[in-house]
Amino acid sequence: MSGDRQIIPIHEGFFNDGYWYVLGSTSLGGSGLTAKEIGDRLQSHEPDVLQNLLEKGICLPLYFPADCCLDDALIVVGDLTEKEEQEWIGRLQGKLHIPCGEFMVMGGGLPEDFEEALTQFSPSDPYNQAFQKVKVTPGTYLVEIYAFASSINADELWEDAEIDEDDILTWWDETHPNQPIPLWLKFYVGQEDEGDFDLEEDLVDYIIRLERLDDESIEVPMPKLDEDVLWCGVYDMRQHKICPEGLSRATLLQQ
């Protein structure tokens, strides 16, 4: 693991009451697009228009099947830890050109959502933030979104595979004998105690990882567009042999 790894939590004031997020940069990949131009392209119903944004590394438009999914995400610049690598359930990969050195996570995607985000480093309202920026070394980046056991993507994986609550409890007991079930699984099967709701915020649902590409000619897998919404929401999913334990935000931030 690289010694210069950075881990940055999404600010507690960040709020996106919707299914849509855009990962990008203040310069939008050096494209010169205005707030109206990028917003109009993101609302296009033409797959080629959205695909062009991905291929040029201008932005990654992300769709989730629930509200606020990335509001508690962690941003990692550098490598995953061994534990993080072992635990992820789903991964979505893309690339971003960040010549300005300012990586951006933004909720929404309409022209008005971009107006302040493209001109300010920090939101004007610290208690209701629609975007967050992180300074990085200018360059081209591999960007990966990792979904973990407590995420909505994991729920969908097990639902599609017709794996029910009893199956997952059995899976845990067989691969972690005589160990108490983890917090994410208590929520999944409805065994949580009243006090557990205060701990739920400690669960890591998603990590956004950035890795600078020294060789910009390296090919990065292009994410697939969801057929219905034409934004990126198709993850490469994997089923573990050993039931995941889940990730603790507090533990990761102490590293």
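Computed from heavy atoms alone, side chains included, the values below leave out hydrogens, waters and symmetry copies.
Side chain to side chain, Ser124 and Glu116 meet the donor-acceptor criterion of an N or O pair below 3.5 Å. Checking Glu85 against Trp88 by side-chain atom types alone, a donor-acceptor pair falls below 3.5 Å. Side-chain atoms of Asn153 and Tyr206 form a donor-acceptor pair, as typed in the model, at a separation below 3.5 Å. Under 3.5 Å, the side chains of Thr140 and Lys95 contain no donor-acceptor pair of N or O atoms.
The shortest heavy-atom contact between Cys243 and Trp184 is SG-CZ2, 3.9 Å. Phe187 and Asp196 make their closest contact through CZ-O, 3.5 Å (heavy atoms, listed as atom of the first residue, atom of the second, distance). Here the closest non-hydrogen pair linking Phe14 and Gly107 is CZ-N, 3.9 Å. Shown here for Val204 and Ser150, the closest heavy-atom pair between the two residues is O-OG, 3.2 Å. Taking every heavy atom of both residues into account, Pro111 and Lys36 meet most closely at CB-CA, 3.8 Å. In this structure, Leu70 and Tyr21 approach most closely via the heavy-atom pair N-OH, 3.1 Å.
Using a 4.5 Å heavy-atom cutoff, the side chains of Phe148 and Pro244 are not in contact. Residues Tyr141 and His97 fail the side-chain proximity criterion, which asks for heavy atoms closer than 4.5 Å. In this structure, the side chains of Phe103 and Lys133 stay at 4.5 Å or more apart for every pair of heavy atoms. With a 4.5 Å cut-off on side-chain heavy atoms, Glu245 and Glu87 count as touching. By the 4.5 Å heavy-atom criterion applied to side chains, Leu92 and Cys232 are counted as neighbours.
Under the 4.5 Å side-chain heavy-atom criterion for ILVMFWY residues, a single connected hydrophobic cluster contains both Leu225 and Ile145. A chain of hydrophobic side-chain contacts below 4.5 Å, direct or via other Ile, Leu, Val, Met, Phe, Trp or Tyr residues, connects Leu60 to Ile75.
Taking 4.0 Å as the cut-off between side-chain N and carboxylate O, Glu84 and Arg209 do not count as a salt-bridged pair. Salt bridge status for Asp226 with Lys224: absent, with no side-chain N to carboxylate O gap under 4.0 Å. Salt bridge absent: Glu194 and Lys186 never bring a charged side-chain N and a carboxylate O closer than 4.0 Å. With respect to the salt-bridge test (charged N to carboxylate O, under 4.0 angstrom), the residues Glu102 and Lys135 qualify. Taking the charged nitrogens against the carboxylate oxygens, Arg41 and Glu37 have no contact shorter than 4.0 Å, which rules out a salt bridge.
If you run side chain to side chain contact (heavy atoms under 4.5 Å, CB included) between Leu42 and each of Ile58, Leu230, Leu50, only Leu50 comes through. Paired with Leu210 under the rule side chain to side chain contact (heavy atoms under 4.5 Å, CB included), one option of Ile98, Leu23, Thr137, Leu142 passes, and it is Ile98.
Around atom CD1 of Ile242, no more than 12 heavy atoms belonging to other residues, nucleotides or ligands sit under 6.0 Å away.
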Original post:
Passes side chain to side chain contact (heavy atoms under 4.5 Å, CB included), Ser248 versus Leu203? Steps please.
Top reply: CA-CA 5 Å; Ser248 163; Leu203 289 170; over 6 Å; no
Original post:
side chain to side chain contact (heavy atoms under 4.5 Å, CB included) between Arg238 and Arg91: does it pass, once the steps are laid out?
Top reply: CA-CA 9 Å; Arg238 66 181 186 181; Arg91 179 178 65 185; over 6 Å; no
